[in-house]
Amino acid sequence: MDNKDSEAEIHPLKTEDVKAQENHENSVERRIIIKQSSQLSRLSRWRTAAFFISLFLCLIIVFAFSFIIPCPERPVSERTWLRNYDNAVAYRFLAIEDVNEDKVQDVIFAFKASNGSSSFNSSCLDEGLPSPCAFITAVSGTNGRVLWERPAAMEVGWMQCGIKQLGGAPGCLLVGQPVALTAVDQRTGEVQWRQSDDFGANYTVLTPLSVIPDVDGDGVQDLIIFIATGDKIKTFIHSGKNGKQIGSTGSLNVDGEARYVMLSPGSSHYFLFYTANSLYAYSLKDLYSAATGMEIKLPGLEQDPQWEKNIDHTTHRLSPLSTGDIRYMAKIPGRSRENILLVSSETAMLISAQNLQTLWTLNVSRVMSEPLLGYYKPDVLDVVLESEIGPNRKKVMIVEGGSGAVQWDLKLNSRAESPRPATLSTADHRSTFLIWGEYQVAGNETISAAPLQKLYLFHPSYTNVLLELRNSTDQIVAFNATLFERSRHACYVLLRGPQPGEEPGLVSLMKRKLKEDVSESRVIWLSQVAVDSEQYIRDRLYRMRFLSRV
C-alpha cells in the first residue's frame with residue numbers, strides 16, 4: 001500500500017492517464033453489452049412472435065377441420081330393408097361385395113323382367129334386348145338403395161362376382177345369351193368387355209368359373225371356363241383383360257355328368273373332374289398346352305411330381321381316388337396345403353393333397369348339399385354335412401376336420417329345395433351355425449309332405465339349445481349370411497320369388513340383422529336339462545360379437 005501511494009506521489013499524471021484509459025475501456029464494454037442485450041431482446045421478440053403465429057395457424061387448422069370442413073360420415077346401416085320387384089323371376093345368384101367402397105358389403109343379384117326398378121327406369125330396349133330380359137342389380141347393404149342396374153342378357157346361365165382383375169377392375173362375369181361372356185365393372189355396372197363363344201346347344205356351365213395365373217403376359221389374371229355337352233367338356237381360356245380367347249377350344253372326355261374343383265398343390269394348379277363313377281385330373285399346364293400347342297414355363301404352369309405319378313396320362317383318371325359314386329368334392333384348408341373332401345353315397349373321406357393318402361373316413365349316406373366349413377371348437381376347422389335320412393327328413397352333422405369325429409348332430413324335417421346352412425365366425429374363434437328345417441321334439445315326430453321352412457341358430461356355447469329365428473312360407477331362391485362390416489353387423493340375405501321357367505310374380509330381396517331375430521326368437525331345448533333361463537340365453541347370444549377371418 002505504501003509503495004502505491006509513493007508511486008502516485010512521484011507520478012501523479014501517469015495515474016490519471018491509467019484511470020482515464022480504464023474508464024474508456026469500461027465504457028466500450030458497457031456499449032457492447034448493451035448492444036448484445038438489444039440484439040438478444042429483439043431475437044427473443046421475434047421468437048415469441050413466431051411461436052404465437054404458429055399457434056394461431058394451428059388453431060385455424062383445427063377449427064377448419066372441426067367445424068368448417070365436414071368429417072366423412074360413417075354409413076349407418078339399417079337393421080332391415082326390403083326391395084320388391086313385380087312381375088319378375090329371380091336367378092339363383094347372390095353375391096356379397098363392397099360395390100361403392102364404403103367399407104359396407106353390398107348385394108348383387110339377377111332377375112328377369114320387362115323393366116328394371118323405378119330408381120333407374122331402365123328397360124331391355126336400352127341394350128337392344130327383347131323383353132323380358134335379365135337385369136343385374138347392385139343394392140346398397142346400408143339401406144337397400146339401388147346403386148346400379150343394367151339389362152345384361154336374354155338369359156343368365158351363371159354369374160360370378162368378386163373377380164379382382166376383370167378388364168382392369170373388380171368385376172362380375174356373366175355367362176348368358178345371346179353374348180356368351182360379359183364382364184361388368186362391379187363398382188359402376190359398366191360393361192368392360194363382351195366376348196361371343198360357340199358353346200353349342202344344350203350346354204351346362206361347370207361352376208364356379210376359375211381364375212388362373214396370367215398366361216398371356218398382359219399383367220392381368222386370366223380365366224378358364226368349362227362347358228359340359230354330353231360326355232365331353234369343352235375348355236375355353238380367356239384373357240381377363242379384354243376377354244379374347246387364348247388358343248383354341250379344348251375337349252376332355254368323361255363318362256357322365258361332371259363337376260369339378262380347382263386345387264393348388266404347392267405352386268401347381270390341377271382341375272379335378274368327378275362323375276358318379278370316376279375322377280379325372282388335368283394340370284393347368286396340360287390344358288394350356290392343348291389350347292395353344294405351346295410348351296412354356298410360367299409360374300403356375302408347373303406340375304406336381306407326386307400327382308403326375310398317380311395320373312393315368314391316357315385317360316387322365318386319378319387312380320387312388322377313382323372309387324366311383326362321388327356326390328361332392330370340396331377343398332379343405334390344411335396346415336401347409338389344401339386337402340380334398342370326397343363325399344360318396346355312403347362315406348365321406350378326407351384325402352391329403354400332398355400324397356393322396358386317406359386321412360380319415362366317416363360313414364354318412366346320401367349327403368344332400370355341398371359341404372360347408374365352420375368352427376365348433378376355437379380355431380379347429382370343421383365340416384358341416386347334411387344327409388337325407390328319410391322322406392322330407394335330414395340330419396345335420398358338424399364333423400371335426402382333423403379327425404372326422406362327429407361333434408354335434410341334429411335331425412330335422414326338410415323340404416327338397418331347402419337352403420343350405422350358413423356359418424358366421426364369432427369373436428370366441430368359433431362359429432354361429434344357421435340351419436333351415438323344421439325341428440320336432442323327439443317322440444313326437446310327424447313327417448309332413450311340405451314341412452315348414454324355419455331358420456334356426458346354433459352356437460357351440462349352448463350345445464342343447466336352438467333359437468328359432470323365423471318362419472318362411474315363400475319360395476326361397478337364394479340365402480346367404482355375412483358380416484356387412486368388418487367384425488360387426490352380422491346379417492342374412494333372402495332372395496324370394498318365382499324362378500325361371502315359372503310364372504312371373506313378386507320377387508323380394510331382404511336384408512335382416514341377425515340380432516333383430518335373436519331378440520324375438522323362441523328358445524328350443526334339445527334336452528330336458530335347462531341350464532339357464534330362456535331370456536338369459538337370448539341376451540347372451542344377442543350380445544355375441546363376431547369376427548372377420550382373413
Side-chain angles (χ1 to χ4, degrees), residues 158 160 163 173 175 197 199 203-216 221-240 245-292 294-296 298-323 326-333 337-343 351-354 356 370-371:
W158 178 256
Q160 187 167 322
I163 301 175
L173 186 63
V175 182
D197 275 330
F199 290 160
Y203 67 85
T204 302
V205 183
L206 301 189
T207 58
L209 310 178
S210 289
V211 178
I212 59 175
D214 177 26
V215 295
D216 60 353
Q221 291 178 316
D222 298 314
L223 307 163
I224 188 165
I225 301 168
F226 300 104
I227 302 296
T229 56
D231 289 345
K232 290 187 179 297
I233 297 176
K234 294 181 179 180
T235 63
F236 298 82
I237 301 177
H238 284 269
S239 167
Q245 186 172 356
I246 301 171
S248 58
T249 303
S251 181
L252 314 176
N253 292 318
V254 295
D255 62 348
E257 184 178 342
R259 285 176 285 184
Y260 87 102
V261 295
M262 178 181 174
L263 287 169
S264 301
S267 59
S268 56
H269 298 280
Y270 283 83
F271 298 89
L272 273 64
F273 298 89
Y274 61 99
T275 67
N277 302 310
S278 303
L279 181 63
Y280 304 84
Y282 290 83
S283 68
L284 177 58
K285 180 180 180 181
D286 288 337
L287 297 177
Y288 176 82
S289 298
T292 62
M294 295 188 297
E295 292 280 348
I296 60 173
L298 287 174
L301 291 183
E302 301 171 1
Q303 291 179 319
D304 187 279
Q306 185 66 37
W307 278 64
E308 292 300 315
K309 289 179 184 177
N310 292 283
I311 296 174
D312 183 330
H313 289 278
T314 303
T315 63
H316 279 272
R317 292 178 188 266
L318 194 59
S319 54
L321 305 182
S322 296
T323 57
I326 303 172
R327 296 274 184 101
Y328 296 102
M329 185 180 293
K331 297 181 289 186
I332 307 296
R337 58 175 66 190
E338 296 170 328
N339 293 320
I340 310 165
L341 181 66
L342 208 61
V343 181
I351 310 296
S352 169
Q354 183 172 4
L356 300 179
E370 292 277 353

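Values reported hereafter were calculated over all heavy atoms of this structure, with side chains retained and with hydrogens, waters and symmetry mates removed. Not measured: the values here are computed from a predicted model.
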Colleague: Would you call M262 and I224 a side-chain contact if the rule is heavy atoms closer than 4.5 Å?
Modeller: no

Colleague: Just by distance, with hydrogens left out, do Y280 and D255 show a side-chain donor and acceptor under 3.5 Å apart?
Modeller: yes

Colleague: Regarding D286 and H316, do their side chains bring together a donor and an acceptor under 3.5 Å, going by distance alone?
Modeller: no

Colleague: Evaluate I212 against H269 for side-chain contact (heavy atoms from CB on, under 4.5 Å), listing each step before the verdict.
Modeller: CA-CA 8 Å; I212 59 175; H269 298 280; over 6 Å; no

Colleague: Are more than 12 heavy atoms from other residues, nucleotides or ligands located less than 6.0 Å from atom CD of E257?
Modeller: no

Colleague: Would a 4.5 Å heavy-atom cut-off, applied to side chains only, mark L223 and L209 as touching?
Modeller: no

Colleague: Looking at side-chain heavy atoms only, is the closest gap between T207 and Q160 below 4.5 Å?
Modeller: no

Colleague: Does T235 reach the side chain of I225, with side-chain heavy atoms less than 4.5 Å apart?
Modeller: no

Colleague: Measuring from Q303:CD to Y270:OH, what's the distance to the nearest 0.5 Å?
Modeller: 5.0 Å

Colleague: Is the backbone N or O of A353 less than 3.5 Å from a side-chain atom of W307, with the two atoms forming a donor-acceptor pair by type?
Modeller: yes

Colleague: Does the plane of the ring in F273 sit parallel, tilted or perpendicular to the ring in F226? Use 30° and 60° as the thresholds.
Modeller: perpendicular

Colleague: Which pair of heavy atoms, one from P371 and one from Y328, lies closest together, and at what distance?
Modeller: CD-CB, 4.0 Å

Colleague: So which atom in I311 and which in A281 form the shortest heavy-atom distance, rounded to 0.1 Å?
Modeller: CD1-CB, 3.8 Å

Colleague: Starting from the C-alpha separation in whole Å, work towards a yes-or-no answer on side-chain contact (heavy atoms from CB on, under 4.5 Å) for I227 and V205.
Modeller: CA-CA 5 Å; I227 302 296; V205 183; 3.9 Å; yes

Colleague: Determine whether the side chains of S210 and Y260 contain a donor N or O and an acceptor N or O closer than 3.5 Å.
Modeller: yes

Colleague: Under a 4.5 Å cut-off applied to non-hydrogen side-chain atoms, are I340 and V261 in contact?
Modeller: no

